[in-house]
Amino acid sequence: MKRRDFLRTAAVTGIAGAIKLGGADKLTAQPSKTSAGYDMIAVMNGTPEAMFQRAISEIGGMDKFIKKGDKLVVKPNIGWDKSPEFAANTNPDLIKAIIKSCLDAGAKEVVVFDHTCDDWKLCYKNSGIEDAVKAAGGKMAYAHEEKYYRKINLPKGQRLKETLIHEAILDCDAWINVPILKTHGGAKMTIAMKNYMGIVWDRRFWHSNDLQQCIADCSTYAKKPVLNIVDAYRVMKSNGPKGRSESDVVMGNALFMSPDIVAIDTAAVKFFAQIEKMELDDVSHIAKAQKLKTGTMDLDALNIKRVRL
Amino acid sequence: MKSRAVLKSIRVVIALLVIIPLMFLFIDFAGYDLSSIRWLAKIQFTPALLSALSGVRIGLIILILLIILTLLFGRVYCSVVCPLGIMQDIFGRIARLFKSKKKRRYRYSRPLNILRYSVLGLCIVLFVFGCISLISYLDPYSNFGRIIQNIVRPVYIQLNNWAVTVLGWFDNYSLYFVSVNFEVFAFWFSFIAFVSLTVLVFMRGRLFCNTLCPVGGILSLISRYSIFKLDFDKDKCNKCGLCEMKCKSQCIDSKQQKLDFNRCVICYNCINVCNRNAMNYKLSWRVKPEDIQPDNVTDNLPIEPVKLVVNSRRRFLGTAIASIGTVTLAYAQQQQARNGRTKGYTKDSPIAPPGAKSIAHLKSRCTACHLCVAQCPTQVIKPAFMEYGFGGLMMPRMDYEQHFCNFECTVCSEVCPNGALQPLTIVEKKVAQIGKVYFVKRLCVVHTDGTDCGACSEHCPTKAVDMVPYRDGLRIPQVNRSICIGCGGCEFICPVRPFRAIYVDGNPEHEIADKPVEEEKKDIELDDFGF
């Protein structure tokens with residue numbers, strides 16, 4: 001290492017340390033450019049936990065995205081009454097690692113929920129997520145009744161002008177979106193933006209009013225997740241989003257992390273296209289969301305850190 | 001306290017130990033694992049009899065044990081096993097609070113044997129000719145189930161929901177909201193039974209058990225031959241009449257020192273109340289019909305049968321009104337379906353829950369206790385109205401309007417005490433085809449709006465509904481009925497209204513679906529990010 005590099009690193013570390021010690025939380029909580037300047041971290045070849053640890057430290061640490069005393073929501077996909085090896089739900093080990101990281105960063109509480117498709121109790125239990133959340137010190141929230149949702153307006157929405165969103169999202173200080181990478185019969189792919197369907201009440205409206213546009217419209221909701229973390233450890237390559245057997249599953253051994261939901265979905269589709277044929281254009285909610293200025297599909301313009309463990 | 005008083009205490013304790021868990025089995029919505037108390041439904045007389053008739057060995061064993069119990073000690077069943085009997089005792093207890101001391105007294109009444117055995121006979125004859133309805137409407141356990149499921153459970157859930165709100169004020173979120181699945185027709189059906197029963201209990205104690213109840217009828221025939229019978233010790237008795245006043249079966253005639261044992265539900269109140277130890281269990285090897293049935297009693301209450309006539313008239317009127325309402329409603333429904341045919345479609349068959357084997361089998365064994373309705377985790381099972389016809393009123397049917405059947409679940413088939421739903425293993429369940437899917441392309445949003453949807457395929461556990469390429473990069477559902485099991489996920493989630501673009505039509509005879517052909521699991525080595 002050159003002396004100059006060493007000094008620079010030392011200085012940055014020192015400043016970062018000082019800021020942390022000084023408790024200037026506001027400064028570190030800005031989810032703009034990371035200290036290393038990365039817009040996205042992509043990690044391969046590790047356990048969900050190890051890939052997450054590496055990604056979060058590369059992107060600048062959890063405390064860059066959340067403040068001490070925050071009430072947080074971690075929103076996985078828990079849509080189906082399936083165990084983890086079927087890759088229908090987000091990996092519970094990953095959820096556990098995220099919650100721990102949030103609590104270590106000083107979060108007051110971490111709430112986890114999903115508006116499930118199968119019976120919610122069976123989904124929470126058999127996905128392994130309820131146990132993982134409890135073990136990590138988080139809380140499961142209920143999301144099976146309309147009473148848990150409140151109406152919000154989406155002024156930028158084309159088809160979806162208003163929708164009922166879960167109170168945990170509305171009332172939290174920040175939320176982290178943790179989808180799993182799967183094919184989808186209707187939306188073609190279900191990744192980060194599609195995971196919003198688990199924070200709203202009336203999904204049938206979306207399905208009957210241009211599903212792809214509604215997915216993009218909902219991503220314009222002002223309270224964006226501070227981070228999107230795509231679980232591609234196991235990937236459902238066919239018969240998604242519910243899947244049928246383990247032959248629908250391939251080991252992706254990957255994880256992506258970015259505050260930009262359009263970019264992360266774009267990256268995930270490109271990753272998926274290595275497994276099964278998938279045109280980015282067909283997953284049309286991604287382009288529609290870019291048009292609504294939710295984020296960018298231009299990965300070349302982004303500073304992406306690729307890590308192989 | 002007399003040592004024999006312990007008999008009544010034992011009776012009360014056992015009765016409570018039966019009715020409380022059994023009630024919980026019907027009202028629990030939280031999905032507790034109640035498999036360890038399901039047997040409480042299976043030890044009931046009618047379920048045991050019906051499952052024995054279906055060749056379920058455990059049903060036969062229970063039936064024999066119940067008969068042996070009755071042959072030993074009389075109708076113990078009616079006081080400690082039968083939940084409706086126990087419920088009547090509780091109501092009777094409550095009734096005492098509203099009665100003057102004088103009105104609390106029961107008086108001996110003559111047996112209404114003609115009514116009792118005609119009802120029993122009619123139940124049996126109709127059953128032999130394939131109509132289980134009368135048994136279903138009169139069976140005590142099934143009535144208990146319907147009352148708890150359709151009246152008490154909604155109240156319980158509403159109380160829970162209020163509790164959620166109140167706890168919420170104190171930032172306590174340990175409870176959660178549950179929607180009240182209130183079935184209007186099932187409610188009124190159960191409510192009429194409930195009110196009639198309550199009135200009977202208030203006025204005449206256990207009259208139901210000795211007139212209309214078919215189980216009471218059968219057990220009374222058996223209890224004539226009981227080895228131990230309650231009877232007067234005529235030397236000790238001074239005809240004070242305390243036992244008669246306490247006898248809710250109204251089967252003790254203290255003046256004549258006679259106890260009509262085949263109407264006795266073995267509550268032991270008489271033993272408890274007697275100051276002279278004059279009421280005892282006695283070994284009676286020999287049957288003395290003249291002892292059991294005091295036909296010679298003439299000095300008694302001519303008003304009683306009249307009351308019953310009034311009651312039965314009321315009952316008849318109630319039934320008539322209910323029937324008229326039913327027919328009208330059914331007609332209206334049919335009309336609605338017919339009017340919609342230009343745009344919609346009609347379904348040919350209702351859908352019986354998994355394990356029913358066929359609608360005919362369900363209709364031959366189900367007494368509509370609603371245990372499956374109560375225990376179904378997704379609440380997809382609803383009491384039928386006219387879907388199965390008159391003979392299938394209140395029987396369980398699958399309703400995909402707001403719910404669908406969970407692929408990984410066999411609860412209904414496991415809880416059914418009658419063998420109307422026969423137990424399925426999870427492997428059998430996953431190919432148990434209770435209905436088949438039909439896709440109506442002209443209604444599908446992909447066709448009409450040219451936008452993506454795929455909600456049906458998303459919910460399909462076997463991919464009997466799959467998405468295939470359509471125009472403009474869209475995908476549209478395609479169905480493969482041979483692997484469809486009729487779970488209703490597709491129909492449930494389809495957003496098209498008023499007629500859904502995909503629906504399940506019932507299989508009158510349940511079939512076995514083909515197993516989906518699985519691709520071989522591929523191992524793909526990924527060493528690049530692709531971007």
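In what follows, chains carry the letters A, B, and so on, assigned in the order in which the sequence lines appear, proteins first and then strands, with residues in each chain numbered from 1. On a predicted model such as this, the values are computed, not experimentally measured, just so you know.
Looking at A:Trp80, only its side chain comes within 4.5 Å of chain B, counting heavy atoms on both sides. If you measure heavy-atom distances from A:Ala42 to chain B, the contacts under 4.5 Å come from both the backbone and the side chain. Residue contact with chain B, scored on non-hydrogen atoms closer than 4.5 Å, involves the backbone and the side chain of A:Ala267 alike. For a residue to count as touching a neighbouring chain, one of its non-hydrogen atoms must lie under 4.5 Å from one of that chain's; by this rule A:Val307 touches chain B with the backbone only. Looking at A:Val235, neither its backbone nor its side chain comes within 4.5 Å of chain B, counting heavy atoms on both sides. For a residue to count as touching a neighbouring chain, one of its non-hydrogen atoms must lie under 4.5 Å from one of that chain's; by this rule A:Val269 does not touch chain B. Of the atoms belonging to A:Thr190, not a single heavy atom falls under 4.5 Å from chain B. Residue contact with chain A, scored on non-hydrogen atoms closer than 4.5 Å, is absent for B:Cys456.
Counting heavy-atom pairs under 4.5 Å between each of A:Phe256, A:Phe205, A:Tyr148 and chain B puts A:Tyr148 at the top. If you tally non-hydrogen atom pairs under 4.5 Å between each of A:Asp119, A:Asp81, A:Asp282, A:Asn209 and chain B, the highest count goes to A:Asp81. Heavy-atom pairs under 4.5 Å with chain B peak, among A:Ala141, A:Gly240, A:Ser208, A:Gly79, at A:Ser208. Ranked by heavy-atom pairs under 4.5 Å with chain A, the list B:Gly450, B:Cys460, B:Ala30 is led by B:Ala30. Of the listed residues (B:Cys409, B:Gly31, B:Gly454), the greatest number of heavy-atom pairs within a distance under 4.5 Å of chain A belongs to B:Gly454. Between chain B and the options A:His184, A:Lys139, A:Met251, A:Lys82, the largest number of non-hydrogen pairs under 4.5 Å is found for A:His184. Note: A:Arg306 leads A:Gln212, A:Lys270, A:Arg306, A:Glu146 in heavy-atom pairs under 4.5 Å with chain B.
Salt bridge status for A:Lys237 with B:Glu519: present, with a side-chain N to carboxylate O gap under 4.0 Å.
The CZ atom of B:Phe531 lies 11.5 Å from the CG atom of A:Asp300; values are rounded to the nearest 0.5 Å. We find the CE-OG1 distance between B:Met467 and A:Thr183 to be 12.0 Å, quoted to the nearest 0.5 Å. Rounding to the nearest 0.5 angstrom, the gap separating the CG atom in A:Asp210 from the CG atom in B:Asp449 is 8.5 Å. Here the CG atom belonging to A:Asp118 is positioned 8.5 Å from the CD atom belonging to B:Glu408, to the nearest 0.5 angstrom. Note that CG of B:Asn406 is 5.5 Å distant from CG of A:Leu122, once rounded to the nearest 0.5 Å. Here CD of A:Gln213 is found 10.5 Å from OG1 of B:Thr451. Values are rounded to the nearest 0.5 Å.
The side-chain heavy atoms of B:Asp528 and A:Arg308, taken from C-beta on, include a pair separated by under 4.5 Å. The side-chain heavy atoms of A:Ile304 and B:Phe529, taken from C-beta on, include no pair separated by under 4.5 Å. For the pair B:Asp452/A:Lys188, a side-chain contact is recorded, criterion being any heavy-atom separation below 4.5 Å from C-beta on. Side-chain contact between A:Arg204 and B:Phe492 is present, with heavy atoms from C-beta onward closer than 4.5 Å.
Side chain of A:Lys242 to backbone of B:His459: a donor-acceptor contact under 3.5 angstrom is found.
Residue-environment remark: CD (B:Glu525) stays at or below the threshold of 12 foreign heavy atoms within 6.0 Å. A 6.0 Å sphere centred on CD1 of B:Ile426 holds more than 12 heavy atoms belonging to other residues, nucleotides or ligands. At most 12 non-hydrogen atoms from other residues, nucleotides or ligands lie less than 6.0 angstrom from NZ of A:Lys71.
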(message) Go through it in stages, so that I can follow the logic: the residues are B:Ser179 and A:Glu145, the test is side chain to side chain donor-acceptor pair (under 3.5 Å), and I'd like the CA-CA distance, side-chain angles, deciding distance and then a yes or no.
(response) CA-CA 7 Å; B:Ser179 42; A:Glu145 286 287 327; 3.0 Å; yes
(request) Could you please spell out the steps behind the side chain to side chain contact (heavy atoms under 4.5 Å, CB included) verdict for B:Glu458 and A:Arg203? (result) CA-CA 12 Å; B:Glu458 193 176 325; A:Arg203 287 188 286 245; over 6 Å; no
(request) Take A:Ile275 and B:Leu526, measure what side chain to side chain contact (heavy atoms under 4.5 Å, CB included) needs, and give me the verdict at the end. (result) CA-CA 8 Å; A:Ile275 303 168; B:Leu526 291 168; 3.9 Å; yes
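Every residue two or more places apart in sequence or in another chain that forms a ring-ring contact (aromatic ring centres under 6.0 Å, His included) with A:Phe113 is listed here: A:His166.
A:Arg244 and B:Pro461 get closest at one heavy-atom pair: CG-O, 3.4 Å.
Side-chain rings of A:Tyr142 and B:Phe177 stay apart, their centers remaining 6.0 Å or farther from each other.
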